[in-house]
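Worksheet: one structure, shown below.
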There are 2 protein chains.
Amino acid sequence: MRDARYQQIADDLRSRIERGEYPRGGKLPTEKELMEYYDASRNTIRDAVRLCVNLGLVQPQAGRGTFVTEEINPLVITLTRGGPSVGGETAQYLSEVLPTQHDARSSVPRVEVREAGIAPELRLGAGATVVSRHQERYLDGRPWSLQTTFYPMDLVTRGATRLLGPDNIEPGAVSYLSEALGIEETGWRDRVIVRVPDPAEATFFQLADDGRVAIMEIRRTAFQASGAPVRLTVTTCPADRNELLFSTGQVPAESW
Amino acid sequence: MRDARYQQIADDLRSRIERGEYPRGGKLPTEKELMEYYDASRNTIRDAVRLCVNLGLVQPQAGRGTFVTEEINPLVITLTRGGPSVGGETAQYLSEVLPTQHDARSSVPRVEVREAGIAPELRLGAGATVVSRHQERYLDGRPWSLQTTFYPMDLVTRGATRLLGPDNIEPGAVSYLSEALGIEETGWRDRVIVRVPDPAEATFFQLADDGRVAIMEIRRTAFQASGAPVRLTVTTCPADRNELLFSTGQVPAESW
DNA sequence: CCGTATTTGTTCGTATGTATT
DNA sequence: CAATACATACGAACAAATACG
């Protein structure tokens, strides 16, 4: 069957954008001009443009015009341990693998005690509780990720009381747990999920509230030697500005 | 500022869906009924429903009605080597880590010789060529992933001529390269990118052509001991039906 | 700073086409 | 074949954001 008219127009706009006829960052013709050019009604033009918006090709701005989306250089997040010694013992937070040429800042943690049900990866019983430490993370002043780490309340009971404090744990919660309780992380498992942002994420990341940009959710469960989970760290970030990298076995250093 | 009316209606629909008032798989009221209930025009109702569609909450079907999206049980793709011996030498294709309780089938590979520029991860010179082997993969009869593996043409020249054959390489290209040329994969690097489907992907995966469902692209570069890349395997699949799993260090076996 | 023009955003009305029941 | 329900398309009006003299 023949495509609808707004689809044909969207296809044409798409190919013009990809041919560079409308350069990145540049302005699309106004709706009025497109109406005349394609001899279509305003609503049909708007349907076509909306399709291009959903494909991430253009971004309309009320009062200004519709602009071709600029290329974004995604930030690379390395999920495996850095350096050549893959078997090393230096467990790291996701945050610590950020490129150093960026200005990374975090909000003060928001600490709560919650039911264990929200962190099923920790495999705690029905009545158990967890400490959650939530942070907003910024990169070069722009919102970059939301991160929440869940610890079994048990760790606090056993002496790791700083997990309840609202200040940052320096030089890191992993080494704190090692010093305070002798708990060493021997590895972790990362689960990556792509989904639509919830309203809070859409607000924080300044995304359109219509699910246009997906969210990447990384759920890292870290384990100690006994196989018991130590923590669950959930990191969410917009999927269009980030990519993941991880290595298995012996690989050469990245040179790009 | 007050939300637009279609947004308010969409919010209301959303909360009703989440409260279970409209159960999963069930039918939303018709546009006519919603028009009467919210005392809004049909276009406004349609704008509200479209928002819910973009959020993945509902799926309209012409002539039938609008249905609340069913929960998807995502397929888990493990990107690290299986089993407890993380340092083992059994390199695997992504395909081989599929759960065995599914019926996994692949199309006959489409083999082409192409310019090396399309596989920059292989770090080949300007005039070099690569062999590309492309497969469509199905799970339980449904399209599941598209996979293309690129090998330096050099490997064929050195004797791995079966890379050019249009039949499947049994029991796997990795062991074939080991037998034919003594090339052992010592590790790989996976890069994960989330993006909008291109038209070919939208067709194969039977996705809406409007970028509603994101695509996960996994680019696996495998290396030999010398650090030289052996192959690049690019796997794409719909991001809403799949999740990734990978382990670092010592982790207990999955028990769920 | 103000007022006007421009441009996109929202909302209504209406008609017709296409898919399903 | 008729009725129902969503899809496409046109027209019109006003609102809100921005640009500009």
Side-chain angles (χ1 to χ4, degrees), chain A residues 1-14 17 22 25-70 202 206-212, chain B residues 1-14 17 22 25-70 202 206-212:
Chain A
M1 200 220 328
R2 208 181 77 265
D3 262 5
R5 199 123 118 75
Y6 76 94
Q7 300 240 15
Q8 297 174 24
I9 296 173
D11 281 348
D12 190 61
L13 290 174
R14 178 183 188 146
I17 289 169
Y22 302 132
K27 206 154 87 69
L28 225 59
T30 66
E31 292 176 350
K32 195 152 86 104
E33 289 164 338
L34 292 174
M35 282 171 70
E36 286 160 10
Y37 179 78
Y38 291 109
D39 188 30
S41 75
R42 181 158 173 236
N43 284 330
T44 300
I45 294 298
R46 284 182 61 78
D47 280 346
V49 171
R50 172 168 40 230
L51 228 169
C52 293
V53 170
N54 288 341
L55 293 173
L57 295 171
V58 301
Q59 296 168 302
Q61 291 178 42
R64 303 224 309 134
T66 300
F67 296 83
V68 181
T69 304
E70 304 245 25
Q206 297 176 291
L207 302 176
D209 208 10
D210 60 359
R212 208 149 66 218
Chain B
M1 201 222 325
R2 209 180 78 265
D3 262 5
R5 202 122 108 75
Y6 74 94
Q7 301 222 8
Q8 298 173 23
I9 296 173
D11 281 348
D12 190 60
L13 290 174
R14 178 182 189 148
I17 290 169
Y22 302 132
K27 206 154 86 68
L28 227 58
T30 67
E31 293 176 349
K32 194 150 86 101
E33 289 164 337
L34 293 174
M35 283 172 69
E36 286 159 10
Y37 180 77
Y38 291 107
D39 187 31
S41 76
R42 178 150 179 244
N43 283 333
T44 300
I45 294 297
R46 283 182 62 76
D47 281 346
V49 172
R50 173 169 39 231
L51 227 169
C52 293
V53 170
N54 288 342
L55 293 174
L57 295 171
V58 301
Q59 295 169 298
Q61 290 178 44
R64 302 222 311 134
T66 299
F67 297 84
V68 181
T69 305
E70 305 245 25
Q206 298 175 290
L207 302 176
D209 209 8
D210 59 0
R212 208 149 64 218

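Quick note on labels: first sequence line is chain A, next is B, and so on, each numbered from 1. Because the structure is predicted, anything quoted here is derived from the model rather than measured.
- In terms of phosphate contacts, T44(B) brings a side-chain nitrogen or oxygen within less than 4.0 Å of OP1 or OP2 of dC12(C).
- Taking side-chain N and O atoms only, R46(B) has a distance below 4.0 Å to OP1 or OP2 of dA7(D).
- The distance between atom CZ of R64(A) and atom C1' of dA17(D), rounded to the nearest whole Å, is 11 Å.
- The interatomic distance linking E36(A) (CD) with dC10(D) (C1') rounds to 16 Å, in whole Å.
- Rounded to whole Å, atom C1' of dT10(C) lies 12 Å from atom CD of Q8(B).
- For F67(A) and dA17(D), the CZ to P distance is 17 Å, given to the nearest whole Å.
- Between L28(B) atom CG and dC6(D) atom P the separation is 9 Å, expressed in whole Å.
- Put simply, the side chain of R50(A) and the base of dG9(C) share no donor and acceptor less than 3.5 Å apart.
- At a cut-off of 3.5 angstrom, counting only N and O atoms as typed in the model, there is no donor on one side facing an acceptor on the other between the side-chain of R5(A) and the base of dA7(D).
- Listed here is the closest heavy atom pair of L13(B) and C52(B): CB-SG, 4.0 Å.
- A straight line from CD of Q61(B) to C1' of dA5(D) spans 11 Å, rounded to a whole angstrom.
- Rounded to whole Å, the distance from NZ on K27(A) to P on dT18(D) is 14 Å.
- Residue S41(A) places none of its side-chain N or O atoms closer than 4.0 Å to OP1 or OP2 of dA9(D).
- Of the two residues contacting DNA chain C, namely I45(B) and E31(A), the nearest-nucleotide position lying further toward the 5' end is that of E31(A).
- Two residues are said to be in side-chain contact when any heavy atoms from C-beta on lie closer than 4.5 Å; V53(B) and R212(B) meet this criterion.
- Checked against dG13(C), dT8(D), dG11(D), the side chain of N43(A) finds its nearest nucleotide in dG11(D).
- Proximity of T66(A) to the phosphate of dT8(C): a side-chain N or O atom is located under 4.0 Å from OP1 or OP2.
- The phosphate of dA12(D) (OP1 or OP2) has no side-chain N or O of R42(A) nearer than 4.0 angstrom.
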